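Below is one structure; the comments refer to it alone.
What you see below is based on every heavy atom in this structure, not just the backbone, and it leaves out hydrogens, waters and symmetry mates. Here the structure is a predicted model, which is why all the values come from computation and not from measurement.
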Amino acid sequence: MIKTFVVSTAIVDDAEAAVSEILSQLDLEKGLLANSAGIISCHYEFIESGIVEAVCAALPFDLAGTISWMLSVKDNTDTFLMTIMVLTSDDVEFVNVLTPPLHEAPGQTISDSYAAAAAARDDTPGLIFAFAPFMPLNSGDEYVDVITKVSGGVPCFGTLAIDDTPDFANCFMLHNGRHYSDRMAMILVYGDISPKFVVTSMSEEKALDKSAIITKSAGHIIKEVNGRPIAEFFEDLGLTKASESYGAMVSLPFLLDYNDGTPKVSKICVTLTPERYALCAGAVPEGSTLQIAPSDKRDVMLTAQNAVDRILQNIQGASCLLVYSCVARSMTLGGDQFDEMYLVNKHTGGKLPYMMMYSGGEICPTQVEGGVATNRFHNNAFIACLL
């Protein structure tokens, strides 16, 4: 059994006061059970002011998470907020992992770090939480594929950091009071647990009729579809100007079908490269089918409501709810950027401990069968974990 507390502070300029507020929401002597771990998220200003370091130093358990620039808990939804989800249990155990830098051979580095942590135990974790910074040259899909392979298909749930700077300069992973631009943290959860997952992106009926097979790609770059340059595909759809503008395609995500019987995954085209290839925010393997699915405020809210309905159907027996939503969804909401958070909070906030934040890339299984998860890296997605 897991017991969960969610605590938060909006005090961004006084470390002593922030620590006092966090501790006042936790009963460290009577509230914590034998094993504990924390998932933390906050605006970058909480690092600058020393509050992250001070709060983590005051808590007697490991914490991992990421920077975000919009966060929500039951009693507060804001930009300048620090939130912590504390998981504590007598019969569930938490193993904390911090990788070395991921500049070279990131896949091997993650694999070695997981293997070293897992080698100390005879059993297999029931869930992996994964947190990473935004590193433009690295692939979130590689992170997820490596974790899936080395763990033997353990469900993996997590996020890449996102901040509110134009150049993503402060997209850090957080670990025990420190912040990193080049490492991943993981929390391996061992014990009798049955995590449930919800993932959604955009309504499939919004997808344009014209689909295409990716016939030539390299990692996260699409070169050709249907044997023709990807730029010509955009021209046929009247999207040449949008595809050439950095970030303009955020509201026109892809639905990607791997054609392997697994659910479709959302990906975003960021821009065209100088070679007029499509630079995407995730891997786009050859042989996959893509469709462009225009996103708008109404569809963001509709898919969020559908996700909430599924959460409520699976809430029985859960101790907590952790939600990450792609920052592109918030951007689509325009001036009503908190509406998705307000919706989730309204329907779930009073039913169990809950924490939600925006994400720079979402990690969540699309299905779990026979104890083995199909873990995927998503863009433009809303993901939830009930634990």
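- Atom CD of Glu275 has more than 12 heavy atoms from other residues, nucleotides or ligands within 6.0 Å.
- Salt bridge status for Lys264 with Glu204: present, with a side-chain N to carboxylate O gap under 4.0 Å.
- Aromatic pair Tyr324/Phe157: ring centres closer than 6.0 Å.
- Across every non-hydrogen atom of Leu321 and Ala384, the tightest pair is CD1-CB, 4.0 Å.
- The only member of Thr148, Ile147, Val146 that meets side-chain contact (heavy atoms from CB on, under 4.5 Å) when paired with Val144 is Thr148.
- For Ser49 (side chain) and Val12 (main-chain N/O), a donor-acceptor pair under 3.5 Å exists by modelled atom type.
- The backbone N or O of Gly107 lies less than 3.5 Å from no partner atom in the side chain of Ser111, so there is not a single donor-acceptor pair.
- Ring planes of Phe338 and Tyr342: tilted class, angle from 30 to 60°.
- Distance check: Ser151 OG to Tyr114 OH gives 5.0 Å after rounding to the nearest 0.5 Å.
- Taking the side chain as every heavy atom from C-beta outward, Leu174 and Phe46 never approach each other to under 4.5 Å.
- Under the 4.5 Å side-chain criterion, counting only non-hydrogen atoms from C-beta, Ile40 is in contact with Cys56.
- A donor-acceptor pair is defined here as one N or O able to donate and one able to accept, closer than 3.5 Å; such a pair exists between the side chain of Lys351 and the backbone of His347.
- Defined by atom type and a distance below 3.5 Å, a donor-acceptor pair is present between the side-chain atoms of Thr303 and Arg329.
- Judged purely by distance below 3.5 Å, without hydrogens or angles, the side chains of Gln313 and Asp309 never pair a donor atom with an acceptor atom.
- Looking at Arg228 and Asp236, a side-chain N of the basic residue comes within less than 4.0 Å of a carboxylate O on the acidic one, giving a salt bridge.
- In summary, the side chains of Gln337 and Tyr358 do not present any donor paired with an acceptor at a separation below 3.5 Å, with no hydrogens or angles considered.
- If you chain together hydrophobic residues whose side chains sit under 4.5 Å apart, Phe168 and Phe377 never meet in one group.
- In summary, the side chains of Thr83 and Ser8 do not present any donor paired with an acceptor at a separation below 3.5 Å, with no hydrogens or angles considered.
- Within the 4.5 Å cutoff, side-chain heavy atoms of Phe131 are placed close to those of Ile187.
- Listed by first and then second residue, the salt bridge (Lys or Arg N to Asp or Glu O under 4.0 Å) pairs that reach into residues 50-75 come to none, sequence neighbours excluded.
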Review point. Should Val92 and Tyr190 be marked as a side-chain contact (heavy atoms from CB on, under 4.5 Å) after you check the CA-CA gap, both sets of side-chain angles, and the distance that decides it?
Key: CA-CA 6 Å; Val92 174; Tyr190 288 86; 5.9 Å; no

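- Formation of a donor-acceptor pair under 3.5 Å by the Thr332 side chain with backbone atoms of Ala328 is found in this model.
- Checked by atom type, the side-chain pair Ser217/Tyr277 shows no donor-acceptor distance below 3.5 Å.
- Ser113 and Thr99 share no side-chain donor-acceptor pair at under 3.5 Å.
- With respect to Asp141 and Lys267, a salt bridge is recorded, a charged nitrogen being found less than 4.0 Å from a carboxylate O.
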Check your understanding: Checking side-chain contact (heavy atoms from CB on, under 4.5 Å) for the pair Val73/Met356: CA distance, chi angles, key distance, verdict?
Key -> CA-CA 7 Å; Val73 295; Met356 178 177 179; over 6 Å; no

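- When atom types are taken as modelled, the side chain of Asp27 and the backbone of Lys30 share a donor-acceptor pair closer than 3.5 angstrom.
- Taking OG of Ser181 as the start and CG of Asn170 as the end, the distance is 10.0 Å to the nearest 0.5 Å.
- By the 4.5 Å heavy-atom criterion applied to side chains, Tyr180 and Pro101 are not counted as neighbours.
- Criterion: ILVMFWY side-chain heavy atoms under 4.5 Å apart, direct or through other members. Under it, Ile67 and Ile84 are part of a common hydrophobic cluster.
- In Arg310, the CZ atom is crowded: over 12 heavy atoms of neighbouring residues, nucleotides or ligands sit closer than 6.0 Å.
- Sorted by first and then second residue, the side chain to side chain donor-acceptor pair (under 3.5 Å) pairs involving residues 35-47 (not counting sequence neighbours) are Ser36-Thr88, His43-Asp164, Tyr44-Glu48.
- Thr289 and Asn259 are linked by a side-chain donor-acceptor pair at a separation below 3.5 angstrom, with hydrogens and angles left out of the test.
- Annotation for Asn379 and Ala281: closest pair ND2-O, 3.0 Å, computed over non-hydrogen atoms.
- By the rule that hydrophobic residues join a cluster once side-chain heavy atoms approach within less than 4.5 Å of another member, Val95 and Phe61 end up as members of separate clusters.
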Check your understanding: Are Asp299 and Ser203 close enough, and set up right, to give a side chain to side chain donor-acceptor pair (under 3.5 Å), and what steps lead you there?
Key -> CA-CA 7 Å; Asp299 197 57; Ser203 301; 2.4 Å; yes

Exercise for review: Report the C-alpha separation of Phe134 and Ile162 in whole Å, then their side-chain angles, then the decisive distance to 0.1 Å, and conclude whether the side-chain contact (heavy atoms from CB on, under 4.5 Å) test is met.
Suggested key: CA-CA 7 Å; Phe134 177 77; Ile162 190 69; over 6 Å; no

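- Ion pairing between Arg276 and Glu235 holds under the 4.0 Å rule for side-chain N and carboxylate O.
- Contact record, Pro353 with Ser319: CD-O, 3.3 Å, taken as the closest heavy-atom pair.
- Using modelled atom types, one finds a donor on one side chain and an acceptor on the other under 3.5 Å when comparing Asn138 with Tyr143.
- Both Val52 and Phe172 belong to a single network of hydrophobic side chains, linked directly or stepwise wherever heavy atoms of I, L, V, M, F, W or Y lie under 4.5 Å apart.
- Of all heavy-atom pairs between Met202 and Pro253, the closest is CE-CG, 3.0 Å.
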Practice item. Test side-chain contact (heavy atoms from CB on, under 4.5 Å) on Cys385 and Leu127 and set out the steps. Key: CA-CA 10 Å; Cys385 176; Leu127 175 65; 4.2 Å; yes

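- No donor-acceptor pair under 3.5 Å is formed between the side chain of Asp78 and the backbone N or O of Met70.
- Between Phe382 and Glu340, the closest side-chain pair of non-hydrogen atoms falls below 4.5 Å.
- Crowding of Glu16 atom CD: a count of heavy atoms from other residues, nucleotides or ligands under 6.0 Å not exceeding 12.
- Contact between Asp163 and Ala169 at its shortest, heavy atoms only, is OD2-N, 3.7 Å.
- Atom CG in Leu290 sits 5.0 Å away from atom CD1 in Ile222 (nearest 0.5 Å).
- Using a cutoff of 4.0 Å between basic side-chain nitrogens and carboxylate oxygens, Arg121 and Asp123 are scored as salt-bridged.
- Residues Ser201 and Asn380 have side chains that never bring a donor and an acceptor to within less than 3.5 angstrom of each other.
- Contact check on Glu362 versus Arg376 returns no salt bridge, with no Lys/Arg side-chain nitrogen under 4.0 Å from an Asp/Glu carboxylate oxygen.
- Atom NZ of Lys210 has more than 12 heavy atoms from other residues, nucleotides or ligands within 6.0 Å.
- No continuous path of ILVMFWY side-chain contacts below 4.5 Å connects Met85 to Leu352, so the two sit in separate hydrophobic clusters.
- A 4.5 Å side-chain heavy-atom check between Leu387 and Leu322 finds every atom pair outside the cut-off.
- Between Lys223 and Ala218, the shortest heavy-atom distance links the atoms CE-CB, 4.2 Å.
- Judged by distance alone, the side chain of Ser68 and the main-chain N or O of Leu71 form no donor-acceptor pair under 3.5 Å.
- Residues Val225 and Ile213 have side chains not in contact (no heavy-atom distance under 4.5 Å, counting atoms from C-beta outward).
- With 3.5 Å as the limit, one finds a donor-acceptor pair spanning the side chains of Glu21 and Thr9.
- Two residues are said to be in side-chain contact when any heavy atoms from C-beta on lie closer than 4.5 Å; Leu160 and Thr66 fail this criterion.
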